[in-house]
There are 2 protein chains.
Amino acid sequence: MTAAVRHDDLRRRNRALVIAAIRRAGQPSRTDIARTTGLSHSTISAISADLIAEGVLAQAKGAEASSLKRGRPQIAIGINPEAAAILTVVLSLNSLSASLIDYSGNLVAEDHRRFSTLTASRANLMAETAAAVRRLLNHRGLAGRPVLRIVMAVQGITDSRSRALLWSPITMHSDIPFADALEEVAGIPVTIENDCSMIAMSLRWRNPERYRDDFIAILLSHGIGMGLMLKGSLFSGTHSSGGEFGHMIHQPEGALCRCGRRGCVEAYAGNYAIWRNARTGDENAPPAADISDADMASLAAEARRRDGPERRAFEKAGRALGYGLGNLFALIDPAPVCFVGHGASAFDLIEPSLRAAIAQTAGGQHSDSITFDTETNEMPLIREGCAVRALTFVDQEIFAPGNPAQQRLYGEMIA
Amino acid sequence: MTAAVRHDDLRRRNRALVIAAIRRAGQPSRTDIARTTGLSHSTISAISADLIAEGVLAQAKGAEASSLKRGRPQIAIGINPEAAAILTVVLSLNSLSASLIDYSGNLVAEDHRRFSTLTASRANLMAETAAAVRRLLNHRGLAGRPVLRIVMAVQGITDSRSRALLWSPITMHSDIPFADALEEVAGIPVTIENDCSMIAMSLRWRNPERYRDDFIAILLSHGIGMGLMLKGSLFSGTHSSGGEFGHMIHQPEGALCRCGRRGCVEAYAGNYAIWRNARTGDENAPPAADISDADMASLAAEARRRDGPERRAFEKAGRALGYGLGNLFALIDPAPVCFVGHGASAFDLIEPSLRAAIAQTAGGQHSDSITFDTETNEMPLIREGCAVRALTFVDQEIFAPGNPAQQRLYGEMIA
DNA sequence: ATTCTTTTTTTCGAGGCTCGAAAAAAAGAG
DNA sequence: CTCTTTTTTTCGAGCCTCGAAAAAAAGAAT
């Protein structure tokens, strides 16, 4: 039983629809919007007039690429970049990077620092993050725009309400309430998300042809992460952020994993596992703390050069990933997969054994037709995913609010 | 971007909401409905007046359990059983059982036959099913009610559009277009669903306290099946019915499974696997075709009586199920689990090793708090799930249609 | 230069829907 | 027989969307 549909929901939802259509199309005319949304011209006219009056949208004045066609020229209409701004924060191993982004999605300012996340105290981690946020909030490029939302991405497990970092490989501390801490600093809503989920958001935004309703983003890095889009919405578990693909058990009582358990996919396919298999051959050796991309690249080069333990290690990684994906496909059916991160640059070494393993599983019945994509640099994807998520929040909650209190808040902030 | 919200959708959705509220509550008053739906009294009054005029609902006349309270007595309002009927068909190993059910969910007639599904030809399977449907369509208990929907449940994999049985252990044939065949016979929409999905529907209907938005139904039988409810809707894959929990790989290159692959959960936890482990100790022995419930019961009795290969076999089953569930929990977070079917009567033998295995996995961090439920007879659940699904379809598509053509069809059928 | 065409955008009135308030209905309590 | 209390219905206000018609703003044609 779905919730009751009130009368005013109609306007709210259609406003959100119009904003989303414009965000996707860039600079559409009213006629374009009517076509993509399916709403009538009159409705589009009314809604866009309201949104322009509120400063959310702006008409592109002059400078039209001319029409060359007869008839009244179309008036391009776009997101008003002055309407608001949002902030993204990406915390990763020994690196903190924050960005200020205007309401139309353009980068206004960046702030990047390196510091040792592994040795930092809880308070230190929160303080560094808060300081980065504070610096950007005071940035003069803001020019009076209200900053309405912060989305932070971290590697690790967050709680389902996106308030705290429950566990992460970048620090030994757990249950760090980043959202509360940053809300206190900024006075606006903050959520903290899993980095791979943000990668999935970004893939969907960049290439909705390929990544629409169901697809999988897998981060190949020191550990293995996953972002899962199911039926058009980001899948995260009910309690935590879920999607712990890297810690599905590939081999009961198998190789020692960084998480302390045995036989996880990550214990075969994470950088440390590949390194360990290639260099020591001992699956029970304690995982190395960090392995540079350069080291991994030379390992891959060696594996390509000759048939030896290096090549074997990448094959094992492919096998573990293949069985893991096969098990996932047994549950959710095959879907497009994108391998992201520096590890994806060695995908040629991984792919044969990965495909062979998938073919052994229930999900691998059409394993030939499964396509894989790679994207070796994850950072831009993570940031873009955060931006997309934050802007969508603002679109829906502030500019098409179900609850008048939220819009009142915006009124106060721009006053 | 969601679909445009048209104005008439509002009425349609609120009509569906009212029907659902009444179906759930049984015989509520208008005031009750207003409370549970959140709609205003005026709206409920208008919608229920319409629905009564259309014959969808009926006021309980007289026979009120009296009020004992002051004030105008409440008028109980209920689903009109005369408004329509639906048909459920459950095809399982060597058994076909169909039921005629009125619009308020009461059983009108049943039709049950035994025949050998394993040896039957494709045409034979479809003909038997069609004959059962035809018999019930001509049943005099129908008394002029239009039969508006058929939902059929089968063990196995169906396509995602619920039109055909792609693969099933009860027959050697594949790609059997049951939905098309029955639609030709009955002239009304037919869908074919996985039996475990219907079990999940039924559990949710029976006990929404425990089984609401996220839960898992696992059928322990000759094979292993799963019905998965995620975020309040039945999860099935994008291409096929998905949810092939029994064929997740527990042990790469492990025991021989009925499906021809190796190491599937089912190859350790299906009846044939438990039997094989207990009696031959050879994991590669070809699976027995069928093992009676009585034989499995005596195997369980023996396992309870003494520590021997029988007990070991049940332990192995628990271990495979535990790792499988743990891997599932790694992806979707722990959720309530119900073990269904005759195999659940040996759950006491399975539970210890199952819990021990879960504790080894990423999803098992709070393995103590995970609760399991058992239900040894699956047939009533499957039938009830089909009925719930069919009635919901009728509620939404016929009596609260988005498309006037559907309602016109009903008009013709009752004329 | 002025008058057609064509296309986009806005305006206007009709028709629906939900809601709150008020009225009506239908009992028991005094 | 009149007062309370509770449920249900009625009625008017306020929105919202839509289609049709009007207005606007160009290029094309004369």
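Order of the sequence lines fixes the chain letters, A, B, ..., with proteins taken first and strands second; residue numbering starts at 1 for each chain.
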> Among residues at least two apart in sequence or on other chains, which ones pass side-chain contact (heavy atoms from CB on, under 4.5 Å) with B:Ser45?
none
> Could you pull out all residues at least two apart from B:Thr43 that satisfy side-chain hydrogen bond (donor to acceptor under 3.5 Å, both in side chains)?
B:Ser40
> Please enumerate all residues that pass salt bridge (charged side-chain N to carboxylate O under 4.0 Å, His left out) together with B:Arg30, with sequence neighbours excluded.
none
> Return the set of residues passing side-chain hydrogen bond (donor to acceptor under 3.5 Å, both in side chains) with A:Ser29 (not counting sequence neighbours), or none when no residue passes.
A:Asp32, A:Gln74
> Quick check on the helix from C:dA1-D:dT30 to C:dG30-D:dC1: what's the angle between its two end axes, five base pairs per end, to the nearest 10°?
30°
> Among residues at least two apart in sequence or on other chains, which ones pass side-chain contact (heavy atoms from CB on, under 4.5 Å) with B:Ala109?
B:Leu100, B:Leu136, B:His139
> For nucleotides 21-23 of chain C, which of its nitrogen or oxygen atoms have a protein nitrogen or oxygen under 3.5 Å away, and what is each distance?
none

> Who are the salt bridge (charged side-chain N to carboxylate O under 4.0 Å, His left out) partners of B:Arg210, not counting sequence neighbours?
B:Asp373
> Only counting residues at least two apart or in another chain, list the ones meeting side-chain hydrogen bond (donor to acceptor under 3.5 Å, both in side chains) with A:Asp395.
A:Arg23, A:Tyr103
> For B:Phe393, which residues count as a ring pair (Phe, Tyr, Trp, His ring centres under 6.0 Å) partner, sequence neighbours excluded?
none
> Can you name the side-chain hydrogen bond (donor to acceptor under 3.5 Å, both in side chains) partners of B:Glu384, sequence neighbours left out?
B:Ser202, B:Arg206
> Check this one for me: any side-chain N or O of A:Asn14 less than 4.0 Å away from OP1 or OP2 of D:dT17?
yes
> Produce the list of close N/O pairs, under 3.5 Å, pairing protein atoms with atoms of nucleotides 28-30 of chain D; give distances to one decimal.
| unit_1 | atom_1 | unit_2 | atom_2 | d |
| --- | --- | --- | --- | --- |
| D:dA28 | O4' | A:Arg70 | NH1 | 2.8 |

